Amino acid sequence: MNIHEYQAKELFEKFGVATPAGKVAATAEEAGAAAREIGGTGLVVKAQVHAGGRGKGTFKNGFKGGVHVINTAEEAQDIAGKMLGQTLVTHQTGPEGKLVSKVLIAKSVDIVKELYFAILFDRSKSAHSIIASTEGGMNIEEVAEKTPEKITKVPVHPTMGLQPYQCRKIAAALGLKGPLINQAVKLFSSLWNLYSKSDCSLVEVNPLAVTTDGQVVALDAKFNFDDNALYRQKEVTAMRDTSEEDPREVAASDFGLNYIGLDGNIACLVNGAGLAMATMDIIKLHGGEPANFLDVGGGATKDQVASAFKIILGDPNVKGILVNIFGGIMDCNVIAQGIIAAVNEVGLTLPLVVRLEGNNVEAGKATLAGSGMAILSADGLTDAAQKIVAAVANVA
Amino acid sequence: MAILVDTDTRILVQGITGDFGSRHAKASLDYGTQLVAGVTPGKGGQFFEHNGHKVPVFDTVAEAAAETGATVSAIFVPPPFAADAILECVDAQLALAVAITEGIPVNDMIRVKSAMCHSKTRLIGPNCPGVVTPGRGDKSHGGCRIGIAPGYIHRRGNIGVVSRSGTLTYEAVWQLTTRGYGQSTCVGIGGDPVNGTNHTDVLQMFNDDPETEAIIMIGEIGGSAEVDAARWAAENCKKPIAAFIAGATAPAGRRMGHAGAIVGGEDDTAEAKKRILRECGIAVADSPADMAAALLERMGK
């Protein structure tokens, strides 16, 4: 789950992480009032979308730039008016762009030095780690590759958490001196507090800025949260903006299905995440391109299969469907009846290959064969993949 | 001998009165597993009855273990309470806790894993299908089934199976069974990024187990567990290994169902994993349909 920049700022403020003053606005008037409240000159108006490259983006109404420096409340109101309700296209949004429904008004700062500071979950150590670098504002993977000596990595103790001495060590590694050290230590501790209390899996502050007036502040941050912990993070969950997500994935999650859209034309519907990935792989291996990852979970009931078909059919690229169910404890005949009912319900016309395996599989296959529908029954994984790839090639 | 559990291992189920737990407790009883106790706080003194079986329910794991001699727990409790359920097994000094629960927060597992250092209890999972050591009866009846795997697809034999995924494990087991090759033990280590037992741990156990002659290792994108296991095996494992790595077509940076299945950097793709596994002498199947075939070929069968 991603959050907006203004929401990150709200979290920073709640946990006492130093960051330039800012306010969110949903209307031009609110933007003007926000600018007046923050006061002074040198403010920025920033379009709030889940995509990078906003500064260089262009709105579909022709207005250029999703980030503007302004000096008066009138300017803030004027610029916000040109952004709100408009669609911003950046190199990360794709040509369809993203609708801007909120803008952030924030104080801009004069930067002496840009640093990098991130907390992330390191699975190789089953613990969280700090990554810090003197090279702020850059792509950290690139820094790690070209100048690994400029990166400091500090593991966080699984139960004690990040300790003050570790924060001081990181501040020293970042070249901070004098009063900046204690400011940085406070910022790192607050950020760790925010990270652990909010069940984050990533907080990347890039840049962490040292300003001309001698402050250490978090300018921009990328957040990721542990999906498994959202049940106990009501405030974080409320920050979810489904208009920023793939509508098919949102619909799937409403049905308790796990769906990820891809670029191919063979949709697949599988029980179990590992088998779902393996099914995508075998489609590709036999010359096809998977249109999605879709795990219907252990059950594969009629309602689930019907919902899954509807989501799959929402993708105009799909030319055929492969259903792969390892029945296990479930009765394959029940699954077969569910598939037929689901096909009837959604009026499926695309080629459909069904591969069932497991409990009572012969009865399941017989039910499919006797349905009078154009369902191709497959014997085994390879046969299923070959059949759907051939069927889709015929349609295309 | 098999690994972790054998047909006479006595197991208890935490969360036996819940929907999920009771359904699979029944399937284990039907399979002939020595399921001797259930644990549901507040329901101690009741009985879990199914097809003539009468399984006593206890309030605590310690009580259940003391009264029935159970040494292994199958954990079916919901995610918010699962970490605590695992720690209760540690406190009761069980030999093995198998956490089936999907969706436990990462922070809970980090703390549990840290607390389990130097404990007597081994953890399998979480978010796993469990462990099966097949029985010698019809359709492997009489085996020790802990978790959610279908029992009847197994057959007792000499192939060890270790996997991060559920249905993909059943696929491999079924490929073996239908070709006439049975399994010593099948271990689902789970799809979460923090787990109690990894591929290397299980390969070591299979390597030391006289009944196991060859191994199928099933992995997926995300993390370095399969690569670490392969490197260990190249130095230490005397037995033939075949592998499959799921996720060759997964896009970078997306969580593919399992919390742990995410392509990270360039070294973290399915292709990169397969290449290293092959360099370590493992027979890698490109197709999930060929997992058993790849192993049998490597065994010279």
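Below, chains carry the letters A, B, ... as their sequence lines are ordered, and counting in each starts from 1. Atoms considered below: every heavy atom in the structure, side chains included; atoms not considered: hydrogens, waters and symmetry mates. Everything quoted here is computed from the prediction, not taken from an experiment.
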Quick one: side chains of residues 216-223 of chain B, donor-acceptor pairs under 3.5 Å with protein atoms, not counting sequence neighbours, listed by atom name and distance.
from	atom 1	to	atom 2	distance (Å)
E220(B)	OE1	H258(B)	ND1	3.2
E220(B)	OE2	H258(B)	ND1	2.7

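- Annotation for E245(A): atom CD counts as buried by contact number, over 12 foreign heavy atoms lying within 6.0 Å.
- Contacts between E249(A) and chain B at a heavy-atom distance below 4.5 Å involve the side chain alone, from C-beta outward.
- Looking at residues two or more places apart in sequence or on another chain, you find no side-chain hydrogen bond (donor to acceptor under 3.5 Å, both in side chains) involving N195(B).
- Across all their heavy atoms, T159(A) and S114(B) have their closest contact at CG2-OG, 4.0 Å.
- Looking at every heavy atom in both residues, D226(A) comes nearest to V106(B) through OD2-N, 2.7 Å.
- Looking only at heavy-atom pairs under 4.5 Å with chain A, the residue among M109(B), E171(B), E102(B) that has the most is E171(B).
- Counting heavy-atom neighbours within 6.0 Å of K139(B) NZ, excluding the residue itself, gives a total of 12 or less.
- Counting all heavy atoms, side chain and backbone alike, N228(A) lies closest to D192(B) at ND2-OD2, 4.4 Å.
- Counting all heavy atoms, side chain and backbone alike, P193(B) lies closest to F121(A) at CB-CE2, 3.5 Å.
- Here the shortest heavy-atom pairing between G358(A) and Y152(B) reads C-OH, 2.9 Å.
- For a residue to count as touching a neighbouring chain, one of its non-hydrogen atoms must lie under 4.5 Å from one of that chain's; by this rule S196(A) touches chain B with the backbone only.
- Heavy atoms closer than 4.5 Å to chain B are found in the side chain of P290(A), but not in its backbone.
- For chain A, the nearby parts of P80(B) are the backbone and the side chain; heavy atoms of each come within less than 4.5 Å.
- In the displayed structure, D263(A) atom CG is contacted under 6.0 Å by at most 12 heavy atoms of other residues, nucleotides or ligands.
- A distance-only check finds no donor-acceptor pair linking the side chain of S126(A) to the backbone of V194(B) [under 3.5 Å].
- Between R232(A) and P105(B), the closest side-chain pair of non-hydrogen atoms falls below 4.5 Å.
- Residues of residues 275-284 of chain A lying under 4.5 angstrom from chain B, judged on non-hydrogen atoms, are L275(A), M277(A), A278(A), M280(A), D281(A), I282(A), K284(A) by number.
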List, one per line, each side-chain donor-acceptor pair under 3.5 Å for residues 286-296 of chain B, sequence neighbours excluded.
from	atom 1	to	atom 2	distance (Å)
D286(B)	OD1	K274(B)	NZ	3.1
D286(B)	OD1	R278(B)	NH2	3.3
D286(B)	OD2	R278(B)	NH2	3.4
S287(B)	OG	A289(B)	N	3.0

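- A 6.0 Å sphere centred on CD of E235(A) holds no more than 12 heavy atoms belonging to other residues, nucleotides or ligands.
- In K146(A), the NZ atom is not crowded: 12 or fewer heavy atoms of neighbouring residues, nucleotides or ligands sit closer than 6.0 Å.
- Considering every non-hydrogen atom in both Y231(A) and D108(B), the closest pair reads OH-OD2, 4.5 Å.
- In this structure, OH in Y195(A) is found 7.0 Å from CG in N107(B), a value given to the nearest 0.5 Å.
- Rounding to the nearest 0.5 Å places CD1 of I153(B) at 9.5 Å from CD of E357(A).
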